[in-house]
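Just so it is clear: chains get the letters A, B, ... in the order the sequence lines come, proteins before strands, and each one is counted from 1. No hydrogens, no waters, no symmetry mates; every other heavy atom, side chains included, goes into these values.
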Amino acid sequence: MNNKEIYLDNSATTKVCQKSIDAVLNAMQNDYGNATSLHRKGFEAEKLIINAKKEICKALMCNENEIFFTSGATESNNMAIIGSVLANKRRGKKIITTVIEHSSVLEPTKFLESMGYEIVRIKPNENGEFLPIDFFNAVDDNTVLVSTMFVNNETGTILPVCEIAKAVKAKNKQTIFHTDAVQGFLKMPLKVKNTDIDLLSFSGHKIYAPKGIGGLYIKKGTKIQPLLYGGGQQNGIRVGTDSVPLISGLGQAVAEILPQREKLLSNYKELKNYLISMLENNDNVIINSKQNDAPYIVNISVKKIRSEIMLHYLEQFNIYVSSGSACSKGANSHVLSAFGYSKDRVDTALRISFSKDTTKEDLEFFVEKLNDGINSLAKMK
Amino acid sequence: MQKEVIMIKNGEIALKGLNRKSFEDVLVKNIKWRLKTLGKFSVTRAQSTMYIEPSEDGIDFEEAVERLQKVFGIAAFTRALVVDKDVDTIKQQAVNYMKDTLPYAKTFKVTAKRADKKFPLQSPEIQREIGGVLLQAYPHLKVDVHNPEVTVTIEIRDFGAYIHAEQIKGAGGMPVGTSGKALVMISGGIDSPVAAYMMAKRGLQLHAIHFVSPPYTSDRALQKVETLCEKVSEYAGKINFHIVPFTKIQEAIRDNCPEELFTIIMRRLMMEISMRVAEENDLKALITGESLGQVASQTIGAIATTDDVCTIPVFRPLIGMDKNEIVEISRKIDTFETSILPYEDCCTVFTPKHPKTKPDLQTVRDAQAQFDFSQLIDEAIRDTEVKVIRTLS
């Protein structure tokens with residue numbers, strides 16, 4: 001197995017970029033102080049955090065005191081959903097979300113459901129779209145929170161979150177709007193300034209920063225009940241000694257990627273079109289992703305070959321793709337089912353997701369081996 | 001043709017009278033400077049309206065609107081979509097341009113103004129036509145000509161048809177620079193950034209001066225003041241920030257002056273240094289955040305003893321304001337959260353237990369004369385560091 005590694009599972013995680021690695025090392029070897037220490041060593045560490053916030057603020061267009069660091073998007077989503085509902089109990093007992101959310105949104109809403117909250121899960125229309133007006137109609141006086149993802153992790157479907165937020169607030173100003181932006185942060189243009197988004201979750205390891213770091217944007221004035229209690233760091237909203245290395249690593253990854261965002265986005269579009277052009281005339285392949293979906297995720301189904309089998313076949317050639325979502329190892333995708341796909345199509349789905357380093361040659365090799373697999377692997381009945 | 005523009009009507013520019021032309025020139029310059037980092041814009045004047053329009057693609061228009069709201073000299077402005085003067089185009093674009101507002105409103109009306117009398121439809125006809133097509137597109141709407149939730153304005157001008165969005169309130173005041181230059185004394189508390197904002201609003205271009213006393217004050221305290229200046233500069237534009245090392249002077253006051261006069265003598269010396277900095281930089285006034293009676297050093301008597309050393313005007317825009325009024329402004333300009341960060345500043349070092357609230361001027365002069373501060377003052381001015389602060393990202 002001497003093939004070059006072809007990693008096409010970048011929506012699961014990415015390889016950490018050099019700038020981020022350097023920042024992590026620096027904060028472990030040189031600026032290793034505790035950011036809340038009074039002395040200069042502490043202040044130097046705090047400055048790294050401030051700088052990281054500045055970079056993130058450039059991407060999201062918000063204020064530094066609206067950014068809170070967490071251990072990752074799962075924590076951000078839990079904090080956003082459970083924390084906002086608990087802190088705003090009087091605003092109502094109804095929560096609106098969608099049927100295609102990531103489990104780190106789905107499970108907290110289930111938890112709240114067990115506590116007596118009513119959960120409304122919006123479905124896509126027959127074209128697979130989510131329309132703001134559906135949310136407008138679902139929101140009522142009793143609605144405390146609306147939570148929708150920005151870009152779906154399995155299909156790349158983009159939800160018009162700014163318009164949805166606007167519709168939500170037009171119906172009920174008191175309703176809090178959260179978006180899980182993990183798969184779109186720093187990839188698609190999205191800013192919170194001048195929008196009705198109150199809470200936004202993001203993650204580091206999807207954008208070339210290490211695992212174990214993420215964040216939550218909390219619009220000024222939005223109340224959140226903390227999930228953890230302790231030393232009062234980050235205004236008591238998320239306590240625990242600040243992980244300066246990881247925070248700094250995240251900040252530098254953002255600094256590296258943000259200026260390239262437009263360029264990368266057009267690269268992705270080109271790669272997606274190229275991949276689709278190589279597959280669209282293949283009778284054994286169904287392309288599940290649509291033209292308007294995020295260009296760095298392509299979801300396909302391979303007729304009569306279960307996802308897992310093809311995935312392991314490809315890995316022999318050092319090619320890495322995913323079956324549905326990486327978190328739900330083997331479990332059937334609730335997302336593809338929600339879009340109304342047949343069981344066979346769901347069982348045979350593969351997700352190919354690009355990074356800044358993906359090339360056309362990588363995709364050509366992937367398609368070559370995919371076709372080999374289609375021809376040689378035993379088919380389902 | 002289809003692009004968004006910002007229109008500022010004559011009545012919405014805060015200035016009138018003979019100086020208007022030169023004031024407007026400064027305003028145009030300030031607007032251009034503020035928008036520069038977003039891309040290319042053209043600012044033109046025609047038919048008693050100032051037009052601000054992007055002259056290249058991909059400009060963040062929302063951000064431009066946000067920045068304009070912080071430019072002094074504009075009382076209000078309007079966003080509009082410019083389209084071809086063709087009835088069908090106007091209809092189609094009006095439906096589209098209102099898609100974020102009308103679906104969620106219950107009532108609306110259309111008003112039309114026809115400056116170009118060659119346009120085939122008269123104003124009432126335009127109103128009927130556009131109203132009809134909007135009702136068709138958003139069938140839940142009802143027309144209410146007296147008290148509508150949303151008013152859609154269509155204006156037919158020489159250059160094209162303008163579909164207006166809602167009017168946006170501007171920052172008011174006068175263009176920064178039209179009143180000259182002044183030096184604001186900034187400590188890190190709630191008041192001085194508000195005072196700076198208020199005087200910038202009256203057209204002053206700002207320099208700021210801050211006194212540091214390490215190790216009695218920390219790097220974080222200085223960082224905090226710098227952050228405050230950055231926030232003020234979102235309104236005030238470029239600020240030259242003078243950082244004066246003050247430790248030796250404060251220690252000399254402690255060693256040589258009576259305790260109950262520490263604060264007053266310190267403030268007199270700060271004034272003296274500020275005046276010197278003002279003189280060197282051609283600044284015509286000082287600005288402080290004093291509010292009458294707020295603390296011992298802000299009584300009539302205390303202010304008289306500090307003004308004793310001043311030969312240029314000292315502006316105190318907060319003098320008649322209550323704390324809660326000041327806090328309200330500081331929240332509006334987003335300095336409050338930073339101001340309340342708990343670091344020692346130069347004013348809280350060596351605070352006397354019982355400060356004099358009614359100091360006698362001659363006593364203060366005599367007490368200060370017991371030590372010759374002039375050499376320390378020269379040294380402090382020589383070692384002053386200047387940073388240019390401008391918030392433009």
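- Classified by interplanar angle (parallel below 30°, tilted 30° to 60°, perpendicular above 60°), the ring pair A:F135/A:F130 is tilted.
- A salt bridge is defined here as a Lys NZ or Arg NE, NH1 or NH2 lying under 4.0 Å from an Asp or Glu carboxylate O, and A:K41 with A:E44 fails to meet this definition.
- For chain B, the nearby part of A:F136 is the side chain; its heavy atoms alone come within less than 4.5 Å.
- Listed for the B:S339 side chain is a donor-acceptor partner under 3.5 Å among the backbone atoms of B:G189.
- Using a cut-off of 4.0 Å between Lys/Arg side-chain N and Asp/Glu carboxylate O, A:D293 and A:K272 are scored as not salt-bridged.
- A side-chain N or O of B:Y216 and one of B:E251 form a donor-acceptor pair less than 3.5 Å apart.
- The greatest number of non-hydrogen atom pairs below 4.5 Å with chain A, out of B:D100, B:V65, B:T101, is found for B:D100.
- For B:E62, the parts lying near chain A are the backbone and the side chain together; criterion is any non-hydrogen pair under 4.5 Å.
- Heavy-atom distances place no part of A:K171 under 4.5 Å from chain B, backbone and side chain included.
- Heavy atoms of A:E46 lying under 4.5 Å from chain B belong exclusively to its side chain.
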